[in-house]
Amino acid sequence: MTKQLSFFFASLAVIFLSACGQGDVLRVDEAVVNLSPVDGNPSSGYMTIHGGPDDVSLVSVIADDVMRMEMHETVETDGMARMQQLSVVSVPAGEKIKFEPGGKHLMIWGVGRGSIQRGLLRMIFIFSNDDRIQVDAVIREAGGASPETEENTE
Ligand SMILES: [Cu+2]
């Protein structure tokens, strides 16, 4: 290959790389599960979803080791906070969607003993573009240690 040609291909590679942009990868991190202090009551889950290159929706979150998991949002009506179930959560391209106390959250019933012992709950986030992202959420015992985050283990 001549010098000019290899320079040409090297430039092409740079152009493709920069076209991808930075941080525009659909991903989930900072996932935690706060166990309910009361046996039998649902636990709550929080995480951050980072939008990818396209607008998508989160259509479901599943886990093998729970009895039931729902997406909820706390809304205030007439000064009263109450929860409503969400069937989808839109994740616009490049935007950050936070599930956090007082807002969107996961409601989780029956977290299995094995996961509690490991301190991690494996979840799968299913998106409208068929992306499935597996995340190990850090389980925090009620009134337990300080928050920790776990990177997405896609
Ligand atoms: Cu809820």
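Computed over heavy atoms, backbone and side chain alike; hydrogens, waters and symmetry mates excluded. Whatever order the structure lists ligands and atoms in, that order sets their numbers, starting from 1.
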Participant: Are Val66 and Ile116 in one and the same hydrophobic cluster, where Ile, Leu, Val, Met, Phe, Trp and Tyr link if side-chain heavy atoms are under 4.5 Å apart?
Facilitator: yes

Participant: Find out whether Leu106 and Glu70 are in side-chain contact, i.e. whether some heavy atom of one side chain is under 4.5 Å from a heavy atom of the other.
Facilitator: no

Participant: Counting heavy atoms not belonging to Asp64, are there more than 12 under 6.0 Å from its CG?
Facilitator: no

Participant: Nearest to the Cu ion (ligand 1), which N, O or S atom of His72 do we find?
Facilitator: ND1

Participant: Taking both backbone and side chain into account, is any N, O or S atom of Gln85 nearer than 2.8 Å to the Cu ion (ligand 1)?
Facilitator: no

Participant: If the Cu ion (ligand 1) is the vertex, what is the angle to SD of Met83 and NE2 of His105, rounded to 10 degrees?
Facilitator: 90°

Participant: Any ion pair linking Lys98 and Glu30 (charged N to carboxylate O, less than 4.0 Å)?
Facilitator: yes

